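Here's the structure we're looking at; comments come further down.
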Amino acid sequence: MADGAKLLLWLLLLSSSPWCFCSELDVQCLETLYRSVIDSNGILQSSWTFVDNGTDGYICKFTGVECWHPDENRVLSLRLGNLGLQGPFPQGLQSCTSMIGLDLSSNIFSGPIPADIATQVPYLTSLDLSYNSFSGPIPASISNMTYLNTLNLQHNQFSSEIPWQFDSLGRLSSFNVADNLLSGFIPPSLHKFPASSFAGNQGLCGAPLDNCPTRRWRLRLHRINDESSIGAAVGFVVGFVVALYFPHWFVFSKRLHPYLFQIWSIPSGNLSANLRRT
Ligand SMILES: *[C@@H]1O[C@H](CO)[C@@H](O)[C@H](O)[C@H]1NC(C)=O
Ligand SMILES: *[C@@H]1O[C@H](CO)[C@@H](O)[C@H](O)[C@H]1NC(C)=O
């Protein structure tokens, strides 16, 4: 309810263009972005021509730029997928003040996403950074981009955990972090997405993927890793085998009778459990 009212207010503000000086800011946004990326295929160079006498709406004809209105320099979304762009996360986006869509997919961008991305582009409903080489943690501040419907971070090199704050992204209807280097628990609010949204991350666990290893299991691994307990286990097994094949060595030693009887009486399935308990 409150969110809906906020969105309505925002749309009203947007449509009150006489007081809005966002057009110049939007041109500045594209100019800064243009200077901050490496355009090795020259696709932006051939289309993004900034002219001083530029009439209102001239940036709307640039490759990948969608405007709210064709006669107004106000960016609705940037669709810069698959243009061979390189470099760090583009700069200047905070000047595209009414942008709701950003698609940088299938380029060669690398390095971290700025931690303050939510203050740069707070109104995004769609963010697609898939198929690049972005790395570092996924910024927790993305959870403040409350209008997000689509978040696609597939096929990058993001590491660390999915921020638990993502629980507050109530509008998400499409989410993908497959093929990264993520680890840890999947936040409960993301369990509704298919396993394919999380696949290809060796350390991720919990629904919809496999359960996370329990603490007890980890403790047991520690114990087995401990050299002395391996030594003890090996010694026990050797002793057991010797007793099995050469019972007469023991049978005639009266002192060992009770122990031998114990070993024989353990059903084979319980043997390993008993081994671990010792
Ligand atoms: C704007 O400048 C360019 C050259 O930079 C010129 O070709 C074009 O005719 C000019 N447009 C207007 C509307 O004055
Ligand atoms: C979200 O925004 C608020 C207010 O600006 C800030 O205090 C908070 O730290 C932000 N959350 C994250 C996870 O960055």
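Note that ligands are numbered from 1 as they come in the structure, with each ligand's atoms numbered from 1 the same way. Remember, it's a predicted structure, so these values are computed and weren't measured experimentally.
- His155 places no side-chain N or O within donor-acceptor distance of the main-chain N or O of Asp179, the cut-off being under 3.5 Å.
- Tested against Ile162, the residues Asn201, Asn180, Leu153, Leu204 include a single side-chain contact (heavy atoms from CB on, under 4.5 Å) partner, Leu204.
- Within a 4.0 Å radius of atom 14 (O) of ligand 2, the protein contributes at least one heavy atom.
- Listed by number with element, the atoms of ligand 2 under 4.0 angstrom from any heavy atom of Ala140 are 13 (C).
- Protein heavy atoms are absent from the space less than 4.0 angstrom from atom 5 (O) of ligand 2.
- At distances below 3.5 Å, not a single donor-acceptor pair connects side-chain atoms of Asn152 with backbone N or O atoms of Asp128.
- Taking a cut-off of under 4.0 Å to the non-hydrogen atoms of Ser143, the atoms of ligand 2 that pass are 13 (C).
- Using a distance-only test at 3.5 Å, with no hydrogens or angles considered, a donor-acceptor pair links the side chain of Ser197 to the main chain of Phe175.
- Of the protein's non-hydrogen atoms, Asn144 ND2, 3.1 Å is the one closest to atom 11 (N) of ligand 2.
- Aromatic ring orientation, Phe62 versus Phe50: perpendicular (interplanar angle above 60°, classes split at 30° and 60°).
- Neither the backbone nor the side chain of Pro139 has any atom closer than 4.0 Å to an atom of ligand 2 (non-hydrogen atoms only).
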